[in-house]
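Here the structure is laid out as structure tokens; the discussion comes afterwards.
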Amino acid sequence: MANVCMDTVVFFVAKNNQKKGFLRLKQAVADCYPAGAAAHDTRLRKIFEQNDIPTDGLCLRSDVVDVSLEDDYVVLCCDSAWSPMYTAYLCLAHHFGVGFELRAEEPGCGIYINTDVKGTYLTDRYLVCLSEPPSDGSLDRLFADPYGDTDFYFDSEDDLLQWFKERGGIAAGSVQELRDTLDEEYVAIHEFENPY
């Protein structure tokens, strides 16, 4: 699948009357995508088919690559073609009568989405991507990670600004000021937004 969008979807009980639907969803996910088992069919479509959920008009080009079944929430990590399967996740939430939040990332298409504006389940607000250090050595401190990490996630603007100050010696009063200071060829700052 070219241009993979990495979707993290959290389903949860948003209202008191949703507990039964949540338990049904949790069981359906466990049945379709057993944890720790090498499943031969990880298509997102599988949960729709096994639960007789209509798929008319839905794009379901996605695979479930990881599942987490917690007491209060269920997490599906999916690799989707090109863009997040928001409408499919919405359909699942409606069918089972639960709430959901989505974080989706597809750098090639410039997609950085986080619908969890309160940060209850999905806290990422910013992503910093380091490509290659400039030859003039001006950003060597930023690129001096002993583990070779090039992607860094931040929960707030303050955390992001503090990281640049401590790690790179770059002080800025805002993300925009920081962007104006840096060359995106070497350091890109992406903000997760809620387009829905």
Side-chain angles (χ1 to χ4, degrees), residues 1-127 129 151 153-155 188 190-196:
M1 195 179 329
N3 287 75
V4 174
C5 186
M6 298 168 288
D7 299 345
T8 301
V9 193
V10 181
F11 296 96
F12 55 92
V13 174
K15 300 173 186 167
N16 289 336
N17 63 348
Q18 295 181 338
K19 187 68 174 174
K20 284 184 182 178
F22 174 77
L23 294 174
R24 285 182 25 246
L25 169 68
K26 191 173 180 179
Q27 187 60 55
V29 169
D31 291 346
C32 289
Y33 315 105
H40 70 282
D41 185 1
T42 60
R43 298 170 303 134
L44 180 63
R45 177 178 292 280
K46 183 178 182 180
I47 195 167
F48 286 82
E49 291 170 348
Q50 289 191 4
N51 291 278
D52 297 320
I53 304 169
T55 60
D56 296 340
L58 290 180
C59 178
L60 295 171
R61 290 185 57 202
S62 184
D63 288 305
V64 177
V65 295
D66 196 16
V67 170
S68 180
L69 303 173
E70 305 298 332
D71 290 339
D72 299 332
Y73 59 93
V74 169
V75 180
L76 294 181
C77 296
C78 302
D79 284 348
S80 302
W82 298 102
S83 61
M85 300 291 120
Y86 182 83
T87 307
Y89 307 136
L90 181 63
C91 185
L92 280 175
H94 284 316
H95 179 80
F96 290 101
V98 297
F100 83 102
E101 298 291 358
L102 166 69
R103 186 176 79 73
E105 182 181 334
E106 208 300 41
C109 294
I111 296 172
Y112 300 94
I113 295 171
N114 186 343
T115 64
D116 190 353
V117 294
K118 293 181 182 176
T120 305
Y121 301 98
L122 304 165
T123 60
D124 297 328
R125 294 292 167 242
Y126 295 95
L127 167 62
C129 299
D151 293 350
Y153 294 86
F154 300 93
D155 295 348
H190 306 286
E191 185 173 356
F192 287 92
E193 298 176 341
N194 182 2
Y196 306 108

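Computed from a predicted model, the values in this text were never measured in an experiment. In what follows, every heavy atom counts, from backbone to side chain, and hydrogens, waters and symmetry copies are set aside.
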Separation of [Y] [atom2] from [X] [atom1] (nearest 0.5 Å):
X    : Y    : atom1 : atom2 : answer
H190 : D151 : NE2   : CG    : 8.0 Å
S62  : D79  : OG    : CG    : 7.0 Å
D7   : M85  : CG    : CE    : 7.0 Å
S83  : R61  : OG    : CZ    : 9.5 Å
E191 : Y112 : CD    : OH    : 12.5 Å
C78  : Y89  : SG    : OH    : 4.0 Å

Would you name the heavy atoms of [X] and [Y] that are closest together and state the gap between them?
X   : Y    : result
D52 : P54  : O-CD, 3.6 Å
V98 : F11  : CG2-CD2, 4.0 Å
P84 : L102 : CB-CD2, 3.9 Å

Please report the C-alpha distance between L92 and F100 in whole Å, then the side-chain angles of each, then the deciding distance to 0.1 Å, and finally whether the side-chain contact (heavy atoms from CB on, under 4.5 Å) criterion is met.
-> CA-CA 9 Å; L92 280 175; F100 83 102; over 6 Å; no

Look at the side chain of N194 and the backbone N and O of Y196, then say whether any donor-acceptor pair between them is shorter than 3.5 Å.
->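 Present.
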
Side-chain heavy atoms of R43 within contact of L60, under 4.5 Å =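 Not in contact.
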
Just wondering, do C91 and F48 contact through their side chains at under 4.5 Å, heavy atoms?
->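 Contact flag for F48/C91 side chains = yes.
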
Any pair counted as side-chain hydrogen bond (donor to acceptor under 3.5 Å, both in side chains), so long as it reaches [range], sequence neighbours left out:
range            : result
residues 65-74   : S68-E70
residues 9-23    : none
residues 114-125 : E101-T115, R103-D124, T123-D155

Could you go step by step and tell me if Y86 and I113 meet the side-chain contact (heavy atoms from CB on, under 4.5 Å) rule?
-> CA-CA 10 Å; Y86 182 83; I113 295 171; over 6 Å; no

Mind checking whether F154 and F192 have ring centres under 6.0 Å apart?
->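 No, they do not, as the ring centres are separated by 6.0 Å or more.
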
Might you work through the side-chain contact (heavy atoms from CB on, under 4.5 Å) test for V67 and L76, ending with a clear yes or no?
-> CA-CA 5 Å; V67 170; L76 294 181; 3.8 Å; yes

Kindly indicate, with the supporting measurements, whether the criterion side-chain contact (heavy atoms from CB on, under 4.5 Å) is fulfilled by F22 and V74.
-> CA-CA 9 Å; F22 174 77; V74 169; 3.8 Å; yes

